[in-house]
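Here the structure is a predicted model, which means the values were calculated and not measured.
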Amino acid sequence: MLGVAILIIVMSVMNGFRTELTEKILGFNSHITIKPYSSGINNKFYESIQSEYKNIKVIKTLNGEAVIMMDDIAKGILIRGIDSEKINELNFLKKNIIDGSLLDFSEGTIIIGKHLAIELGVIVGDKINIMSSSQVSTPLGSILKQSTYKIAAVFSSGLYEFDRNVTFFNLNDSISFFEKSPEEINLELYLNNPLKAD
């Protein structure tokens, strides 16, 4: 009886841990990503995907890497540029905002993770300087592009690496920041059942 009880308890704990971890990872990342290859992703293709799969959330994104420059701190981050009109459809992000509001997420603003905010010593409303890998030509030669963004909100996913390394940009800011064209975006699809992604 004791052995069976211990086995049931261990299985329950492990199943609960697995479910919570899976929900966090799958909630934070898209279930399907469509990337441009021989041709770009235009509005016609985007609308055709939306009309064909009406029960699936389809969001325009553009991701990249950058460096936060603040005082004596230089921190590498992953930028996820997301269509601000669709960000409310990301339930996982919406319910994990711990400071600020998604309503304030617009061009010129960013959303950062809790551990990154602690590391930088910033709060909602502060401005941070971010340096891109894209270069800008000047009379003195090429320099790395830098822009300043205001913090609109802070999220806490419960996953340390995400909260410390990921920031959310407005899609238009991301396109401009990385010197891309509007057709070089990705489409991220979020399914009701991620296990049916195939």
Side-chain angles (χ1 to χ4, degrees), residues 23-68 77-97 100-113 127-128 130-137 142 144-155 157 162 165-198:
E23 284 179 357
K24 286 181 178 179
I25 293 173
L26 292 180
F28 199 87
N29 296 298
S30 63
H31 306 143
I32 299 173
T33 301
I34 301 174
K35 296 185 177 183
Y37 183 57
S38 58
S39 60
I41 294 176
N42 54 32
N43 279 329
K44 184 178 179 182
F45 179 76
Y46 169 67
E47 289 167 4
S48 70
I49 293 290
Q50 277 198 313
S51 61
E52 186 173 353
Y53 302 102
K54 294 180 180 177
N55 295 326
I56 292 176
K57 297 169 187 172
V58 184
I59 299 176
K60 297 177 182 178
T61 67
L62 179 65
N63 302 331
E65 296 177 346
V67 177
I68 290 179
I77 56 169
L78 173 65
I79 290 173
R80 297 193 65 193
I82 291 186
D83 186 353
S84 59
E85 295 179 2
K86 292 275 191 173
I87 198 164
N88 279 319
E89 295 184 12
L90 294 177
N91 294 327
F92 182 79
L93 181 61
K94 186 165 61 175
K95 65 184 182 182
N96 284 294
I97 294 293
S101 171
L102 290 180
L103 297 175
D104 298 326
F105 183 58
S106 58
E107 291 188 24
T109 66
I110 63 170
I111 299 172
I112 67 174
K127 293 183 178 181
I128 56 178
I130 301 179
M131 185 168 62
S132 167
S133 56
S134 303
Q135 294 189 341
V136 179
S137 297
S142 296
L144 294 176
K145 184 175 182 179
Q146 295 187 46
S147 299
T148 301
Y149 296 92
K150 183 179 178 180
I151 300 171
V154 176
F155 70 87
S157 67
F162 285 160
N165 296 305
V166 178
T167 63
F168 290 89
F169 268 41
N170 179 281
L171 180 62
N172 291 332
D173 285 337
S174 190
I175 290 172
S176 172
F177 187 72
F178 292 112
E179 301 285 335
K180 301 290 185 181
S181 75
E183 292 194 352
E184 291 182 273
I185 61 168
N186 303 325
L187 296 183
E188 293 190 356
L189 280 62
Y190 293 82
L191 316 179
N192 293 327
N193 184 357
L195 297 180
K196 292 186 176 180
D198 287 345

Check: F177 ring centroid to F169 ring centroid under 6.0 Å
yes
Does any part of the side chain of Y53, heavy atoms only, come nearer than 4.5 Å to the side chain of V58, both counted from C-beta?
no
Would a 4.5 Å heavy-atom cut-off, applied to side chains only, mark L62 and K180 as touching?
yes
Could you tell me the separation between the CG atom of D198 and the NE2 atom of H31, rounded to the nearest 0.5 Å?
13.5 Å
For residues N96 and S157, is any side-chain donor paired with an opposing acceptor at under 3.5 Å?
no
Carefully, step by step, assess F155 and F162 under the rule ring pair (Phe, Tyr, Trp, His ring centres under 6.0 Å).
CA-CA 10 Å; F155 70 87; F162 285 160; 8.6 Å; no
Given the rule in the side chain to side chain contact (heavy atoms under 4.5 Å, CB included) test, do I34 and L189 qualify, once you have shown the distances and angles that lead to the verdict?
CA-CA 8 Å; I34 301 174; L189 280 62; 4.0 Å; yes
As an exercise, state the distance from CG of D173 to CD of E107, rounded to the nearest 0.5 Å.
5.5 Å
Search all heavy atoms of N192 against all heavy atoms of N55 and return the closest pair with its distance.
ND2-O, 3.5 Å
Could you check V67 against I77 for side chain to side chain contact (heavy atoms under 4.5 Å, CB included), going step by step and ending with a plain yes or no?
CA-CA 6 Å; V67 177; I77 56 169; over 6 Å; no
Donor-acceptor pair, distance only, cut-off 3.5 Å: does the side chain of E47 make one with the backbone of K44?
no
Taking atom types as modelled, is there a side-chain donor on N42 or E183 under 3.5 Å from an acceptor on the other?
no
Please lay out, stage by stage, how I185 and Y46 fare under the test side chain to side chain contact (heavy atoms under 4.5 Å, CB included).
CA-CA 11 Å; I185 61 168; Y46 169 67; over 6 Å; no
Given side chains that start at C-beta, do those of I32 and L191 come closer than 4.5 Å, heavy atoms only?
yes
Do I111 and I97 have side chains that approach each other closer than 4.5 Å (heavy atoms only, starting at C-beta)?
yes
Worked verdict on S147 versus I130 for side chain to side chain contact (heavy atoms under 4.5 Å, CB included)
CA-CA 6 Å; S147 299; I130 301 179; 5.9 Å; no
Side-chain (S174) to main-chain (L171) donor-acceptor, under 3.5 angstrom:
no
Do I110 and I128 have side chains that approach each other closer than 4.5 Å (heavy atoms only, starting at C-beta)?
yes
Strictly distance-based, threshold 3.5 Å: is any side-chain N or O of T109 a donor or acceptor partner for the main-chain N or O of S106?
yes
Sequence neighbours excluded, which residues qualify as side chain to side chain contact (heavy atoms under 4.5 Å, CB included) partners of N186?
T33, K35, P36, T61
Any side-chain heavy-atom pair of L90 and Y190 under 4.5 Å
yes
Can you find a heavy atom in the side chain of E65 that is under 4.5 Å from one in the side chain of I79?
no
Checking the side chain of D104 only, and the main-chain atoms of A152 only, is there a donor and an acceptor separated by less than 3.5 Å?
no
Under 6.0 Å from the NZ atom of K94, do we count more than 12 heavy atoms belonging to anything else shown?
yes
Going by side chain to side chain donor-acceptor pair (under 3.5 Å), E188 matches just one of R80, K86, K60, K57. Which one?
R80
So how far is it from N88 CG to L103 CG, rounded to the nearest 0.5 Å?
6.5 Å
Sequence neighbours excluded, which residues qualify as side chain to side chain donor-acceptor pair (under 3.5 Å) partners of S39?
none
